[in-house]
Amino acid sequence: MPELPEVETVVRGLRGPLVGRRIVGVRFGKTDFIDDPIALGEQLPGSRIASVERFGKFITLALQPLDTASRDFHLFIHLGMTGQLTSRKPYEPVVAHTHAFVELDDGLELRYTDIRRFGRMLLVPESGMGKFHQSVGRDPLELSQQEFLSRVGGRRARIKALLLDQKVLSGMGNIYTDESLWRARIHPARLAANLQPWQLKLLYRTMRQVLSAAIRHRGSTISDYRDAAGSPGEYQARHRVYGRKGKPCPRCHTPIRRIIVAGRGTHFCPRCQPSPRKKF
DNA sequence: CTTACGGCCTGGGTGC
DNA sequence: TGCACCCAGGCCGTAA
């Protein structure tokens, strides 16, 4: 599942092959994950890729039309659960469920593969970027501790739900939420308002440590995630709780439990992360 | 307004 | 061999 570290790894891998290239053509398979496939087909060819950036879990390509009188625009790509964005040579075999091909002027092509097609692709005009930035939460790696406390502190929602809420923070997903809460020794179902300031400060720190470490290890591959070159990540070997139900907690050897919190499968250590209902 | 929850999209994996 | 079912992330509608 591509979350912030996986998307960041993809973006870093795409900058080399993409920035400065001109798009010479596009082809699509299924298009139900694209907001306006006709507009993409018309506007992408001829435009130059000025930059590749990440906003939360979105990948954005800044595009300059060939016709310099036209306004710049942005291609937004969200990988959903199973989306892969890879830079390939045209003769490389096309893996199943590849639904978009963006041909570049140096002969390489950008391919979008998505088994579930929970991903999204859309064009955003320059004029729409302000609205987008308003609607999306802050990037956890660009967020100060003060901002984190003001966005999360005092709220009566479960801490896990808040970390996952893309309008609060953009980029956290199920894996890194569970991993951050374990490191901060906070039960995922606790209400943010009931946490002590020192606990939120600790969570801020563990969240950023986990995300940075995951980026250094090129993300987590559970099943489908691949980077821009098609390679899996390596951080899954360092997961402490995610996907480790029944296995011993690395800190205290208590078996890791899996429950549902905020509608999501949630892994935690019942000893290190005491339940909000139990007092002792 | 804030929070919780169920449903929907899709198809691979699992278990019978 | 087949097949029903579960699950995933994001989003939306509805209810308290």
Side-chain angles (χ1 to χ4, degrees), chain A residues 1-10 28-37 54-60 76-85 95-100 112-122 124 131-140 150-181 187-195 211 214 219-226 232-233 236 239 241-246 257-268 276-277:
Chain A
M1 286 148 278
E3 305 178 25
L4 187 155
E6 290 76 31
V7 178
E8 180 65 27
T9 303
V10 170
F28 299 123
K30 293 186 180 177
T31 57
D32 56 359
F33 62 98
I34 305 174
D35 276 23
D36 188 345
R54 176 185 64 78
F55 293 103
K57 299 182 196 174
F58 278 98
I59 297 166
T60 64
F76 276 61
I77 299 159
H78 195 294
L79 300 177
M81 283 178 63
T82 56
Q84 302 172 4
L85 204 51
V95 305
H97 306 289
T98 300
H99 295 297
Y112 180 74
T113 306
D114 191 347
I115 297 171
R116 301 278 191 279
R117 302 198 308 286
F118 283 10
R120 252 183 97 193
M121 218 177 264
L122 68 155
V124 175
K131 192 177 157 201
F132 168 77
H133 283 120
Q134 260 186 326
S135 70
V136 76
R138 298 276 285 127
D139 191 301
S150 66
R151 280 179 170 264
V152 171
R155 298 202 39 184
R156 302 196 52 76
R158 292 172 180 139
I159 186 64
K160 168 142 182 169
L162 289 172
L163 294 181
L164 286 175
D165 187 339
Q166 302 297 299
K167 291 185 283 301
V168 176
L169 299 175
S170 59
M172 293 290 282
N174 213 22
I175 296 173
Y176 300 108
T177 298
D178 285 1
E179 292 294 315
S180 303
L181 288 168
H187 191 286
R190 293 199 59 181
L191 302 187
N194 293 345
L195 294 171
L211 292 172
S220 304
T221 295
I222 305 300
S223 56
D224 301 294
Y225 165 70
R226 295 293 183 277
Q236 63 280 0
H239 291 175
V241 285
Y242 186 86
R244 297 191 65 250
K245 175 185 172 186
R257 288 191 57 197
R258 184 182 188 275
I259 58 175
I260 303 294
V261 177
R264 296 281 165 254
T266 299
H267 309 78
F268 74 105
R277 302 205 172 169

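Reminder, nothing fancy here: chain letters follow the sequence lines and each chain counts from 1.
Counting any heavy atom pair closer than 4.0 Å across all strands shown, A:Asp224 reaches no nucleic acid atom. Within the 4.0 angstrom heavy-atom criterion, only backbone atoms of the sugar-phosphate kind lie near A:Lys30; the bases stay farther away.
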Exercise. Between A:Tyr112 and A:Asp114, does a side-chain hydrogen bond (donor to acceptor under 3.5 Å, both in side chains) hold up when you go through it step by step?
Worked result: CA-CA 7 Å; A:Tyr112 180 74; A:Asp114 191 347; 2.6 Å; yes
Exercise. Where do A:Phe58 and A:Phe132 land on the ring pair (Phe, Tyr, Trp, His ring centres under 6.0 Å) test, with the steps shown first?
Worked result: CA-CA 11 Å; A:Phe58 278 98; A:Phe132 168 77; 5.5 Å; yes
Exercise. So A:Lys160 and A:Asp178, salt bridge (Lys or Arg N to Asp or Glu O under 4.0 Å) or not? Walk me through it.
Worked result: CA-CA 8 Å; A:Lys160 168 142 182 169; A:Asp178 285 1; 2.7 Å; yes
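Regarding A:Ile115, its CD1 atom lies at a distance of 14 Å from the C1' atom of C:dC7, rounded to whole Å. Atom pair A:Leu164:CG and C:dA8:C1' shows a separation of 12 Å (rounding to whole Å applied). In this structure, NZ of A:Lys167 is placed 11 Å from P of C:dG10, rounded to the nearest angstrom. Between the CG atom of A:Asp114 and the P atom of B:dG11 there is a distance of 10 Å, rounded to whole Å. The distance from atom CE of A:Met121 to atom P of C:dG10 is 17 Å, rounded to the nearest whole Å. Here B:dT10 presents its C1' atom at 16 Å from NE2 of A:His78, a figure rounded to the nearest Å. As a whole-Å value, the separation of A:Tyr242 OH from C:dC7 P is 12 Å. The separation between A:Met81 atom CE and B:dG13 atom P is 12 Å, rounded to whole Å.
Within the structure, a side-chain polar atom (N or O) of A:Lys57 is placed less than 4.0 Å from OP1 or OP2 of C:dG10. Phosphate proximity of B:dT10 to A:His97: absent, as no side-chain N or O sits under 4.0 Å from OP1 or OP2. Of the side-chain N and O atoms in A:Arg117, none sit less than 4.0 angstrom from OP1 or OP2 of B:dC9.
The closest donor-acceptor contact from the side chain of A:Glu179 to the backbone of A:Val241 lies under 3.5 Å. At least one donor-acceptor pair closer than 3.5 Å links the side chain of A:Arg190 to the backbone N or O of A:Asn194.
The terminal axes of the helix from B:dT2-C:dA16 to B:dC16-C:dG2, fitted over 5 pairs per end, subtend an angle of 50° to the nearest 10°.
Residues A:Arg244 and A:His267 are not in side-chain contact: their nearest non-hydrogen atoms beyond the backbone lie 4.5 Å or more apart.
Both A:Arg120 and A:Arg116 lie close to DNA chain C; mapped to their nearest nucleotides by heavy-atom distance, the more 5′-ward contact belongs to A:Arg116.
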Seminar exercise, completed: Given protein heavy atoms under 4.0 Å, the one-letter contact record of nucleotides 1-6 of chain B, with B base, S sugar-phosphate only and - none, is simply --SSS-
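Using a 5.5 Å limit on the distance between ring centres and a 30° limit on the angle between planes, the aromatic ring of A:Phe118 counts as stacked on the six-membered base ring of C:dG9.
In this structure, A:Phe33 and A:His99 have tilted ring planes: the angle between them lies in the 30° to 60° band.
Which of B:dG12, C:dG9, C:dC7 sits closest to the side chain of A:Arg258 comes down to C:dC7.
A salt bridge is defined here as a Lys NZ or Arg NE, NH1 or NH2 lying under 4.0 Å from an Asp or Glu carboxylate O, and A:Asp224 with A:Arg116 fails to meet this definition.
Residues meeting the salt bridge (Lys or Arg N to Asp or Glu O under 4.0 Å) test with A:Asp35, sequence neighbours left out: A:Arg120.
Screening A:His239, A:Gln236, A:Glu3 for a side chain to side chain donor-acceptor pair (under 3.5 Å) involving A:Ser220 leaves a single residue, A:His239.
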